[in-house]
Amino acid sequence: MRELAKVYNPREIAPKWIERWFNSNIFVPKVDREGSIFSIVLPPPNVTGNLHIGHALGFTLDDIVVRYKRMKGFVTLWVPGTDHAGIATQNVVEKELAKEGLTRYDLGREKFLEKVWEWKERYRNNIVNQLKQMGFSCDWSRERFTMDEHCSRAVRTAFVSLYKKGLIYKGERIINWCPRCKTALSDIEVEYEEAKDKLYYIRYPLKDGGYITIATVRPETMLGDTAVAVNPEDYRYKSLIGKVAILPLVGRELPIVADDAVESSFGTGALKVTPAHDPVDFEIGIRHNLPSLKVIDLDGNIDCPDLDTYTGLDRFTARELIVKHLEEKGYLEKVEDYTHSVGRCERCGTIVEPLLSSQWFVAMKSLAQKALERDSEIRFIPERWRKVYHDWLLNIKDWCISRQIWWGHRIPVWYCLDCNETIVEMEDPKYCPKCNSLNLKQEEDVLDTWFSSSLWPMSTLGWPDITDDFKRFYPTSLLITGYDIIYFWVARMIMMGLEFTDKMPFKEVYITGLVRDEKGRKMSKSLGNVIDPMEIVQELGADSLRFALASLVTEGQDVNIGKERLEGARNFTNKIWNAGRYILMSIRNPVKPESLDSLDVFSKWILSLMDETIERVTYCYDNYDFNEIAQVLYSFFWDYFCDWYIEISKFLLKDNPSYISWVLLYVFRTYLKLLHPVMPFITEELWEYIKDEDNILSVSNWPAVLGFRDEDSIKMANVIFDVIKSMRSLKQEMGISFEKKIPGFVHSETYRELILSQRDIISSLAKIEPLEVLSEILPPQKGIISNVKSDFDVYIRIGDVVDIDKEVERIKEKIEEIEEQIARIEERLRNRDFLLKAKEEAKEKERIKRENLIKEREKLLQRLSLLSS
RNA sequence: GGGCGAAUAGCUCAGUGGUUAGAGCGCCUGCCUUACAAGCAGGAGGCCACAGGUUCAAGUCCUGUUUCGCCCACCA
């Protein structure tokens, strides 16, 4: 067998496995295989750039489950793909162009799109490469892109179908407009943020004399005012309803109307109404039949036909100037500091401008209704997210799906320029079906990216065609994603899935937290706390990153990760590597014993523990308990297998090389399997050296238990460990270096035979030499110090250093401690209610504990009396 | 304004109602012991946010309070 490097080097190992995995199609489910299906779609990463740590988290969890299910024998499919990410990608490409001093308009639509496709090609390759480096076991033969031919057909099918059902319509509404991206946004693409602003109190003169004061944070919108509104119940203004106010600076006459939407307690209780630039005002406008005057254009500049003073100015510059003019002319009553929330474009951070515009919408009510009715068909993990999803559906508003950008699915709508007919069909129209005109023009706008995303579980599996894949793998089994896109993605996939397939697109949704830095802060470039997963893969390896992430995932909590945690995982990876090295170097002719009962206590102990670990870990995998998977695997391996069994195996191998080699190999092989879903690379590599099956780990079977458990050996092994630990701590407590060999004694009534038989191991692991096993307790003497336990006593000789008084002191302290504990337990055992109501198990536990403590106390007292005589 | 989550060791976090609350990192002491110094051995460090309640028994369940964080909402 070849010798392994002393330190695990993922950079040497990983490329080989990436090649082997992805060149051999092992992640492509076999057509003819039977068995339960486990299918999952990759939440498609954007083609904007690189994988970030959030992807790494979600996809790691996906892969852990996928690899586990595959080993468990499920016919497993993980469909990958990428998302065109309309606004985001268009923005990055525009930024690239800006470096050459160009805008997309300089290129024109066609040329610009060519550029974006080039970009997409480059970053698609980049991301696919990164996903492979992370070890994610996707079936790349089924890769999809949200704008590929197939997905585009799915989008078209969905659009046409919804249109024909009347669920897609074009309407003039107040929408959120980003003046920088120059497009409409849906409501959830706007992020609200607290801002310190001013509240301006402005006097609107009344036609009949006097004035009414209104309060606003956006004085620039007054140019578009077409009314003043008050609450109908507001006694202050009742007499003014129906009267006319004069808009300052402009001179326009504004009716004073009464509307319930006005909150009397806010500001002065009077509201300026700008129907074209505020959703509430728009509603008021409809109710009172008011005109809508647009005064801010698509660039966010003022464009007021009635007054050209401000036209062409940026909305915020105009604000300052208008305030100045109002003040000069005596219209400004007062200005107050005011904190409120302003909406910003999710993609670029620009303050969003609400404006009246003609856009395409999906009517959501009926879709949401269906999703609500069939709520019970989906499982949320953790369950609490269901309510979040639920509440959103209950208050759902129509979805603005048109975007005034170029990169995306062009809306499949044609207008007849002669008769104004709107044509929406699966095939591109050649002429107007109504007037036969050839003068047709396609809609310029493209669809919201999330429209295609909402079809992802269906479109990746073949829909709208009912393909074999679709029949076999749809609906998918599980979706893992972050809580930040429950509205954007999860809810919409569910609605579309039900609409088009009458099925939930997935049976379970596992909602992860978001990745933050080790202090719980968001990762951001400005804070300099961003962890780049690919950098970690380079430095520490994908396995370490995956393990660190998994170990931090608890249901729904945010994941705080720092460099230390990653290094800890790297250390663990290296520990596994070195254990493998040790095993390879040590084993000789492994032979499985005829009967496991013939093995030594330690082997029986580790085999019992191995079985237990298989069961525990399997349970955790089944329940998506990721941090527990990591913890159980870590602790079994490091604290038990390495710290004890491997150390002891160094002795056992001398007498019994074949059997012990077998135990070492069996445990290690089994362990590699249990670990494989979390750390695919290192486990595959080590497996190559020790495997006893003719396959690689990725397609091997989940380990079965031996069905072996020997309670006596578990107890006995633990006694030996306790003896060793007692001696070690006694030594070091006395300031003797661990390495220094000193003489010592053990005495035990119950376990004398056991200790006698394991004397060499104890002596060696505790560095006690010579070690004498006594048949009676050792009478106190100068230079001897003891550690008395219920099952045994240990003693060490430390020369003349310690005097009897100190030893007496130590023992007295211990007795005190123990008596306190005994008192507590006895009180409990005297308690009537406890005896009456507690479970028998709990009572028995207390009794055993008391017995042991009493035994220990007796021994301590005995030693004390010997010492004092 | 409504909803949700969190509060446990110096830090980041686990903790199926069972009584002596754990881990990793950090810290202290001693070790390059022939798998591993990315390691080994030993150790220190906690009124489990606060106040009530339920229970034989509460870090764990209930109520309230405080402090942080997040989401939602048309008070301009």
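In the text below, chain A, chain B and the rest are named by the order of the sequence lines, each starting its count at 1.
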Sugar-phosphate only, base, or nothing, as touched by Phe282(A) at under 4.0 Å among non-hydrogen atoms: nothing
A76(B) OP1/OP2 closer than 4.0 Å to side-chain N/O of Thr216(A): no
Below 3.5 Å between N/O atoms, which protein atoms pair up with nucleotides 39-46 of chain B? Just atom names and distances, please.
residue	atom	partner	partner atom	Å
G39(B)	OP1	Asn571(A)	ND2	3.3
G39(B)	O3'	Lys575(A)	NZ	3.1
C40(B)	OP1	Lys575(A)	NZ	2.7
C40(B)	OP1	Trp638(A)	NE1	2.6
A41(B)	O2'	Gln732(A)	NE2	2.4
A41(B)	N3	Gln732(A)	OE1	3.2
G42(B)	O4'	Gln732(A)	OE1	3.4
G42(B)	O4'	Gln732(A)	NE2	3.2

P-based separation of G10(B) from C27(B) [nearest Å]: 15 Å
Donor on one side chain, acceptor on other, Asp187(A) and Tyr487(A), under 3.5 Å: no
Distance in angstrom units between Asn627(A) CG and A14(B) P, rounded: 7 Å
Parallel, tilted or perpendicular: rings of Phe572(A) and Tyr634(A) (30°, 60°): tilted
Ring center gap for Tyr640(A) and Phe636(A) short of 6.0 angstrom: no
Nearest-Å distance once atom P is located in both C71(B) and U65(B): 24 Å
N/O donor-acceptor pair under 3.5 Å between Asp281(A) side chain and His277(A) backbone: no
Modelled atom types, side-chain donor and acceptor of Asn578(A) and Arg581(A), under 3.5 Å: yes
From CA spacing to verdict: ring-ring contact (aromatic ring centres under 6.0 Å, His included), Phe641(A), Tyr671(A): CA-CA 10 Å; Phe641(A) 185 57; Tyr671(A) 182 76; 7.5 Å; no
Sugar-phosphate only, base, or nothing, as touched by Gln557(A) at under 4.0 Å among non-hydrogen atoms: sugar-phosphate
Residue-phosphate contact under 4.0 Å: Tyr8(A) side-chain N/O, A35(B) OP1/OP2: no
N or O in side chain of Lys397(A) less than 4.0 angstrom from C74(B) OP1/OP2: yes
Rounded C1' spacing from A41(B) to C50(B) in Å: 41 Å
Distance in Å, Leu326(A) CG paired with Leu332(A) CG, rounded so as to fall on 0.5 Å steps: 6.5 Å
N/O (side chain, Lys741(A)) to phosphate O (OP1/OP2, U33(B)) under 4.0 Å: no
Donor-acceptor side-chain pairing of Ser737(A) and Lys731(A) below 3.5 angstrom: no
Presence of Lys650(A) side-chain N/O under 4.0 Å of A35(B) phosphate oxygens OP1/OP2: yes
Flag for Ser341(A)-Glu194(A): side-chain donor and acceptor within less than 3.5 Å: no
Sugar-phosphate only, base, or nothing, as touched by Arg828(A) at under 4.0 Å among non-hydrogen atoms: base
Ring geometry between Tyr338(A) and Phe266(A) (parallel below 30°, tilted from 30 to 60°, perpendicular above 60°): perpendicular
Integer-rounded Å distance: A35(B) P and Ile587(A) CD1: 14 Å
Qualifying residue for salt bridge (Lys or Arg N to Asp or Glu O under 4.0 Å) with Arg344(A), from Glu191(A), Glu189(A), Glu193(A): Glu193(A)
Bracket string, RNA chain B, 5' to 3' - pairs by Watson-Crick or G-U geometry under 3.5 Å, | interstrand: (((((((..((((....[...)))).(((((.......))))).....(((((..]....))))))))))))....
Sugar-phosphate, base or nothing in reach of Arg384(A), heavy atoms under 4.0 Å: sugar-phosphate
Nearest heavy-atom neighbours spanning Thr268(A) and Ala215(A): OG1-N, 4.2 Å
Span that lies between the C1' atom of A44(B) and that of A9(B), in whole angstrom: 11 Å
Contact list for RNA chain B against residues 271-278 of chain A - heavy-atom distance below 4.0 Å: Leu271(A)
